[in-house]
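Reading through the C-alpha cells given below for one structure.
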Amino acid sequence: MDCKKDGNLKKCNCTYLKLKEFGKSGIPSAIGTLYYVWPVKTDICETNLDNSIFFLSNSEKSFDFFTNFLANKFPHCPIIDMSSPEIEKELAGYLSGKTRGISLEPVYLYGTDFEKKIWETARKIPYGNVVSYKELAQKAGYPNAFRAAGTALGNNPLMLVVPCHRVIRSNGEIGYFGGGEEVKLMLLDLEQPQQQE
DNA sequence: TGCATGGCGCCGG
DNA sequence: ACCGGCGCCATGC
C-alpha cells in the first residue's frame, strides 16, 4: 500500500489515496466503446475523489492492460462492474458537442514525473485549440523533449480528459493517435463546429 | 550501463 | 511537395 516501501510501485502516486473499490464499465459511442475506471469507494482521505476518473479509452486492449495493472498493484481493491452516471453524462455532453470539454478530475495511478507533467500541460490546451508536440514540450518545461513528449502522450491513460488529440505535428500533419487517426480527426472536427467555407 | 525505440523537428536535395 | 538523414530526449530492456 505504501508506494515508497515497494520499488515496484515507484510509478504509483497513490500514497495519499485510501482506495477501497474500483468501478469499471464501458459504453458505446461515436468513437467506439468507451471503457472507463473510476473510484467507487474510498476511506476518508486527504483527497476529494468526487468527479474523479482513473482511466478512459476506446481501446479494449489498453483497458485490459489497465485493469490487469490495477489487480496487481491494488490487490486489496476489488474491481467491480459498475457504471458512473456522472462520468457518462460528461462524456455524452462532450461527444454531442453540447459542452466544451469534460469536467472530470484525472487521478494518475501511474506515470513518471515527466509523463504527468506532459499530461497536465496537455490538459491546459483550450477546447478547439491545437498545439504542436514541440510547443507542448516547451510549455511543460522541456523545450527539446518534443519527441519524448509524443511518447508520453502515447501513455496517456485518460483519453479526452487529457486532450492529446489537440496535439499535432509542427508541419501541420495530424500525427499519431492511439485511439485511431480517424478518431483524432473526428474529435478535432467536433471541436470546430463553427467552421465553414 | 548501454543501446534501441518512439504519437517529432529541421535541413538539404 | 516529398524524401532521407540526423538530432533530440525520456524510457525500457
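In what follows, chains are A, B, ... by sequence order, proteins preceding strands, each numbered from 1. Note: hydrogens, waters and symmetry copies are ignored here, and every other heavy atom, side chains too, is used.
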Notebook entry, point to check: Is the closest side-chain heavy-atom distance between A:L34 and A:M159 below 4.5 Å?
Noted result: yes
Notebook entry, point to check: Can you name the residues that form a side-chain hydrogen bond (donor to acceptor under 3.5 Å, both in side chains) with A:S62, not counting sequence neighbours?
Noted result: A:S57, A:S59
Check: Are there more than 12 heavy atoms of other residues, nucleotides or ligands under 6.0 Å from atom CG of A:N171?
Finding: yes
Notebook entry, point to check: What pairs with A:K134 under side-chain contact (heavy atoms from CB on, under 4.5 Å), at least two apart in sequence or on another chain?
Noted result: A:S132, A:Q138, A:F146, A:S170
Notebook entry, point to check: Taking C-beta and beyond as the side chain, do A:Y36 and A:V161 meet within less than 4.5 Å on heavy atoms?
Noted result: no
Restricting to nitrogen or oxygen on both sides, can you table the protein-nucleotides 7-10 of chain C pairs closer than 3.5 Å?
{"unit_1": "C:dG7", "atom_1": "O6", "unit_2": "A:R147", "atom_2": "NH1", "d": "3.3"}

Next item on the list: Specify the separation, in whole Å, of atom CG of A:N171 and atom C1' of C:dC3.
Entry: 13 Å
Item checked: DNA chain B stem ranges, 3 or more consecutive Watson-Crick or G-U pairs under 3.5 angstrom -> B:2-6 with C:9-13, B:8-13 with C:2-7
Item checked: Side-chain N or O of A:R169 closer than 4.0 Å to phosphate OP1/OP2 of B:dG9 -> yes
Notebook entry, point to check: Linking Ile, Leu, Val, Met, Phe, Trp and Tyr by side-chain heavy atoms under 4.5 Å, what else ends up with A:F65?
Noted result: none
Next item on the list: State, with a plain yes or no, whether a side-chain heavy atom of A:L56 is found less than 4.5 Å away from one of A:L91.
Entry: yes
Next item on the list: Specify the separation, in whole Å, of atom CD1 of A:I168 and atom P of B:dG7.
Entry: 17 Å
Next item on the list: Let me know the distance between CZ of A:F177 and C1' of B:dG6, rounded to the nearest Å.
Entry: 17 Å
Checklist line | Set of side-chain hydrogen bond (donor to acceptor under 3.5 Å, both in side chains) partners for A:Y142, sequence neighbours left out | finding: none
Check: Going by number, which of residues 132-140 of chain A have a non-hydrogen atom under 4.0 Å from DNA chain B?
Finding: A:S132, A:Y133, A:K134
Checklist line | Spacing of A:N155 atom CG relative to B:dG7 atom P, expressed in whole Å | finding: 9 Å
Next item on the list: Apply salt bridge (Lys or Arg N to Asp or Glu O under 4.0 Å) to A:E60 and list each qualifying residue two or more places apart in sequence or on a separate chain.
Entry: none
Kindly list each side-chain donor-acceptor pair under 3.5 angstrom involving residues 174-186 of chain A, sequence neighbours excluded, with atom names and distances?
{"unit_1": "A:K184", "atom_1": "NZ", "unit_2": "A:Y133", "atom_2": "OH", "d": "3.4"}
{"unit_1": "A:K184", "atom_1": "NZ", "unit_2": "A:V167", "atom_2": "O", "d": "2.8"}
{"unit_1": "A:K184", "atom_1": "NZ", "unit_2": "A:I174", "atom_2": "O", "d": "2.8"}
{"unit_1": "A:K184", "atom_1": "NZ", "unit_2": "A:Y176", "atom_2": "O", "d": "3.1"}

Next item on the list: With a 4.0 Å heavy-atom cut-off, tell me which residues in residues 56-64 of chain A come close to DNA chain B, sorted by residue number.
Entry: none
Kindly list each side-chain donor-acceptor pair under 3.5 angstrom involving residues 21-30 of chain A, sequence neighbours excluded, with atom names and distances?
{"unit_1": "A:K24", "atom_1": "NZ", "unit_2": "A:D81", "atom_2": "OD1", "d": "2.9"}
{"unit_1": "A:S29", "atom_1": "OG", "unit_2": "A:I31", "atom_2": "N", "d": "3.1"}
{"unit_1": "A:S29", "atom_1": "OG", "unit_2": "A:G32", "atom_2": "O", "d": "2.6"}

Note to self: With side chain to side chain donor-acceptor pair (under 3.5 Å) as the rule and sequence neighbours excluded, what pairs involving residues 153-163 of chain A come up?
What the structure shows: A:E115-A:N155
Item checked: Rounded distance [0.5 Å steps], NZ in A:K139 versus CD1 in A:I118 -> 12.0 Å
Notebook entry, point to check: Quick one: A:E173 CD to B:dC10 P, roughly how many Å, whole number?
Noted result: 13 Å
